[in-house]
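Below, chains carry the letters A, B, ... as their sequence lines are ordered, and counting in each starts from 1.
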Number of protein chains: 2
Amino acid sequence: MKCPSYNLFFETIATKVRMEIMCLLREGPKSVSQICKILGEEQSKISHNLKKMAECHILDVKQEGKQRIYSLNKDTIIPILDLVEKHVHKYCGQECMKKK
Amino acid sequence: MKCPSYNLFFETIATKVRMEIMCLLREGPKSVSQICKILGEEQSKISHNLKKMAECHILDVKQEGKQRIYSLNKDTIIPILDLVEKHVHKYCGQECMKKK
DNA sequence: ATAACATATGAATTAGATTTCATATGAAAT
DNA sequence: ATTTCATATGAAATCTAATTCATATGTTAT
């Protein structure tokens, strides 16, 4: 049986912070410090997380002066999120998707 | 900012074993012991993992005599896998999606 | 060249999730 | 009713991944 290891991809969107980053960037590109400020999280924490996401090409980066602007890879990620949203709405009446 | 907590959904497909289970069930429904045998994994390990996946409605279960038959929720999961596959193929030349 | 700001990175720690092991539950057969 | 087979479950142990903290790197301005 061949089984592609997409697990790294899923791992990379599987935490609360990263999901929040994705949601935030869905509204538009942001710099690291902007993300930190909005989410109320520490800079190194955010940077570590951004790095992982960029490695999976979930995010793109570009340098702008001193800043690094991160943006969603809308091309592939948005459609995936849409499908997941559909799954959740269809099968999960609020409670189902929560941590126990 | 509203940010739905889909992270539990992603977590639930984010490990090697679970990805393997999904790939296996993509070929058709299987009982717990069949899955154990094919993957060469312990029964309780598989059961714990199946439980999580079923809680997220990624899998369905039905009782057949003594056995429990697990199957993929093809309706929503297959399309998601297809999109992820697309992402991986587009952006990741083998190396990218591997553990470091 | 140096200072100031923005971000990245390494290593230790911490936190959380997975596995393991022992045992419990449930279904069918005798 | 009891045994057997199939699966589930709880709790402890183990792993792995995320966070933290200190510091390094990189960029622009002076």
Side-chain angles (χ1 to χ4, degrees), chain A residues 3 5-25 29-71 96-100, chain B residues 3 5-25 29-71 96-100:
Chain A
C3 178
S5 54
Y6 298 156
N7 41 315
L8 184 56
F9 175 88
F10 287 112
E11 266 174 37
T12 305
I13 25 182
T15 75
K16 189 164 156 281
V17 205
R18 292 193 203 132
M19 186 56 70
E20 286 175 346
I21 291 174
M22 288 179 62
C23 290
L24 188 54
L25 294 183
K30 304 247 177 318
S31 73
V32 178
S33 47
Q34 283 180 305
I35 299 173
C36 292
K37 200 173 183 183
I38 297 175
L39 298 185
E41 299 279 3
E42 242 208 321
Q43 180 263 316
S44 71
K45 179 176 174 179
I46 294 299
S47 280
H48 279 297
N49 279 291
L50 288 172
K51 191 188 180 186
K52 289 214 163 186
M53 296 173 86
E55 280 173 356
C56 271
H57 292 79
I58 289 168
L59 303 183
D60 298 320
V61 211
K62 63 177 174 185
Q63 189 92 25
E64 262 186 23
K66 297 180 191 176
Q67 292 169 321
R68 292 198 159 205
I69 310 297
Y70 283 87
S71 56
C96 147
M97 297 311 277
K98 283 177 188 152
K99 284 276 191 178
K100 272 146 208 161
Chain B
C3 179
S5 55
Y6 299 156
N7 42 314
L8 183 56
F9 175 89
F10 288 112
E11 266 174 38
T12 305
I13 25 183
T15 76
K16 189 163 157 282
V17 205
R18 291 191 205 135
M19 186 59 69
E20 287 175 346
I21 291 173
M22 288 179 62
C23 290
L24 189 55
L25 294 183
K30 305 247 175 321
S31 73
V32 177
S33 47
Q34 282 180 305
I35 298 171
C36 291
K37 200 172 183 183
I38 296 174
L39 298 185
E41 300 280 2
E42 242 207 319
Q43 180 263 317
S44 71
K45 180 177 174 177
I46 295 299
S47 279
H48 279 298
N49 280 292
L50 289 173
K51 191 188 180 187
K52 288 213 165 187
M53 297 173 85
E55 279 173 355
C56 272
H57 291 80
I58 289 169
L59 304 183
D60 298 319
V61 212
K62 63 177 175 185
Q63 189 91 24
E64 263 185 23
K66 296 180 192 176
Q67 292 169 321
R68 290 195 159 208
I69 309 297
Y70 283 86
S71 57
C96 146
M97 297 311 278
K98 281 176 190 153
K99 283 276 191 180
K100 271 146 212 158

For this session: Measure the distance from CD1 on B:I46 to P on C:dT19 and round it to the nearest whole Å.
Result: 8 Å
For this session: Spell out protein contact along nucleotides 19-30 of chain D as letters: B when the base is contacted, S when just the sugar-phosphate is, - when no protein heavy atom is under 4.0 Å; keep the 5' to 3' order.
Result: SBBB----BS--
Exercise. When you check the phosphate oxygens OP1 and OP2 of D:dA8, does a side-chain N or O of B:Y70 lie under 4.0 Å from one of them?
Worked result: yes
Exercise. For A:M19 and D:dA18, what is the distance between atoms CE and P respectively, to the nearest whole Å?
Worked result: 13 Å
Exercise. Which value, rounded to the nearest 0.5 Å, describes the distance between B:F10 atom CZ and A:N7 atom CG?
Worked result: 14.0 Å
Considering only distance and modelled atom types, tabulate donor-acceptor pairs under 3.5 Å from the side chains of residues 30-38 of chain A, sequence neighbours left out.
residue: A:K30; atom: NZ; partner: A:G28; partner atom: O; Å: 3.2
residue: A:S31; atom: OG; partner: A:S33; partner atom: OG; Å: 3.3
residue: A:S31; atom: OG; partner: A:Q34; partner atom: N; Å: 3.2
residue: A:S31; atom: OG; partner: A:Q34; partner atom: OE1; Å: 3.4
residue: A:Q34; atom: OE1; partner: A:S31; partner atom: N; Å: 2.8

Exercise. Measuring from B:S71:OG to B:L59:CG, what's the distance to the nearest 0.5 Å?
Worked result: 7.5 Å
Problem set entry | Side chain of A:K51 - closest among D:dT9, C:dA17, C:dT9 | C:dT9
Problem set entry | Min side-chain heavy-atom separation A:L39-A:I21 under 4.5 Å | yes
For this session: Look at B:R68 and D:dA8 and indicate whether a side-chain polar atom (N or O) is within less than 4.0 Å of OP1 or OP2.
Result: yes
Exercise. Checking side chain to side chain donor-acceptor pair (under 3.5 Å) against B:N49, which of B:E20, B:E41, B:R18 comes through?
Worked result: B:R18
Problem set entry | For atom NZ of B:K16 and atom P of D:dT16, their distance in whole Å | 11 Å
For this session: Take atom CD1 of B:I13 and atom P of C:dT18, then tell me their distance rounded to the nearest Å.
Result: 13 Å
For this session: Using a 4.5 Å cut-off on heavy atoms from C-beta on, say whether the side chain of A:Q43 contacts that of A:I46.
Result: no
For this session: Whole angstrom is fine here: how far is it from CD in A:Q34 over to P in C:dC5?
Result: 17 Å
Exercise. Who is the Watson-Crick or G-U wobble partner of D:dT16, with both distances under 3.5 Å?
Worked result: C:dA15
Exercise. Can a side chain N or O of A:K52 be found less than 4.0 Å away from OP1 or OP2 on D:dA18?
Worked result: yes
